[in-house]
Every structure is written in C-alpha cells, then in structure tokens.
K.L.:
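Below is the structure I would like to discuss, written out as structure tokens.
If you're wondering where the values come from, they're calculated on a predicted model, not measured in any experiment.
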Amino acid sequence: MKKVLSIGLLLAVLLCTISSAQASGVNLAYKYKAGEVCRYKAATTMCMGIPGSNSPMKTHMSWDITEKVLAVRKDGSGSVVTFGAISS
C-alpha cells in the first residue's frame with residue numbers, strides 16, 4: 001500500500017512539474033533594420049470532413065514569404081512590405 005501511495009505521489013509531482021513548464025511563454029521581439037530582407041517558409045496540413053462523405057479531404061500547403069523593411073521608427077516598430085507565394 002505504501003508503494004502505491006509513493007508512486008501516486010511521484011506521478012502527481014511529475015504532472016505538476018510538466019504542466020508548469022509548459023505554461024511559461026516566450027516573448028518575441030523583432031529588431032528591424034531599414035532595407036533588410038527576411039525570408040520565411042510556413043507550412044500546414046489540414047484534414048477536413050465533407051458532409052455526407054465518409055472520407056476526409058487532406059491538404060498540405062506551404063508558403064514562401066519575403067518581407068522587406070521599408071522604415072524603422074524611433075520606438076523600434078517598422079514598416080514592412082510582404083510578398084508571398086503559395087504552393088501545395
């Protein structure tokens with residue numbers, strides 16, 4: 001019985017530790033430089049159901065994104081222009 005309680009207590013402590021570690025966030029901040037060009041790639045996979053159909057529709061999409069910094073203000077914010085191309 002003591003062994004079961006010890007294992008239960010250990011599991012409870014582990015669950016609390018894991019959940020608190022996942023709760024912390026990350027603050028992202030861009031450091032813009034006028035004229036800088038940044039390239040990104042984003043991708044997603046979707047699975048959609050169609051009413052009346054038994055088979056789901058699966059789709060994969062990716063984007064090539066290019067951003068150019070036009071100007072940087074004194075407060076650190078910037079003006080950017082974004083170009084993108086979608087491929088699937």
Side-chain angles (χ1 to χ4, degrees):
M1 184 70 171
K2 285 185 178 182
K3 192 173 191 177
V4 172
L5 286 174
S6 297
I7 292 173
L9 182 60
L10 179 62
L11 287 174
V13 169
L14 285 173
L15 286 174
C16 290
T17 303
I18 291 170
S19 65
S20 66
Q22 292 175 348
S24 62
V26 176
N27 188 13
L28 301 176
Y30 292 101
K31 305 247 188 260
Y32 292 114
K33 295 178 186 170
E36 181 178 31
V37 176
C38 301
R39 291 179 177 81
Y40 306 96
K41 185 167 193 110
T44 186
T45 301
M46 296 180 283
C47 184
M48 298 179 285
I50 300 171
S53 173
N54 291 334
S55 59
M57 185 172 80
K58 295 179 183 179
T59 304
H60 176 80
M61 294 179 68
S62 62
W63 297 265
D64 292 317
I65 302 165
T66 302
E67 289 184 338
K68 182 176 181 181
V69 180
L70 300 176
V72 179
R73 296 188 255 314
K74 290 181 183 180
D75 66 357
S77 62
S79 296
V80 298
V81 64
T82 303
F83 307 95
I86 299 175
S87 59
S88 44

K.L.:
Do you know the tightest heavy-atom contact between Gly35 and Lys68?
P.N.:
O-CE, 4.4 Å
K.L.:
Listed by chain and number, what are the side-chain hydrogen bond (donor to acceptor under 3.5 Å, both in side chains) partners of Thr45, not counting sequence neighbours?
P.N.:
His60
K.L.:
Please give me the minimum heavy-atom distance between Ala42 and Ile65, naming the atom from each residue.
P.N.:
CB-CD1, 4.5 Å
K.L.:
Check the pair Met61, Met46 against side-chain contact (heavy atoms from CB on, under 4.5 Å), reporting the backbone distance first and the verdict last.
P.N.:
CA-CA 8 Å; Met61 294 179 68; Met46 296 180 283; 3.9 Å; yes
K.L.:
If you compare all heavy atoms of Thr66 against all heavy atoms of Arg39, which two are closest, and at what distance to 0.1 Å?
P.N.:
OG1-CG, 3.9 Å
K.L.:
Hey, are the side chains of Ser79 and Arg73 touching, using non-hydrogen atoms and a 4.5 Å cut-off?
P.N.:
yes
K.L.:
Distance check, rounded to the nearest 0.5 Å: Tyr40 atom OH versus Thr82 atom OG1?
P.N.:
9.0 Å
K.L.:
How about Leu70 and Val80: do any of their side-chain heavy atoms sit closer than 4.5 Å?
P.N.:
no
K.L.:
Does atom CG of Asp75 have more than 12 heavy-atom neighbours from other groups under 6.0 Å away?
P.N.:
yes
K.L.:
Quick check: do Phe83 and Asp64 have side-chain heavy atoms less than 4.5 Å from each other?
P.N.:
no
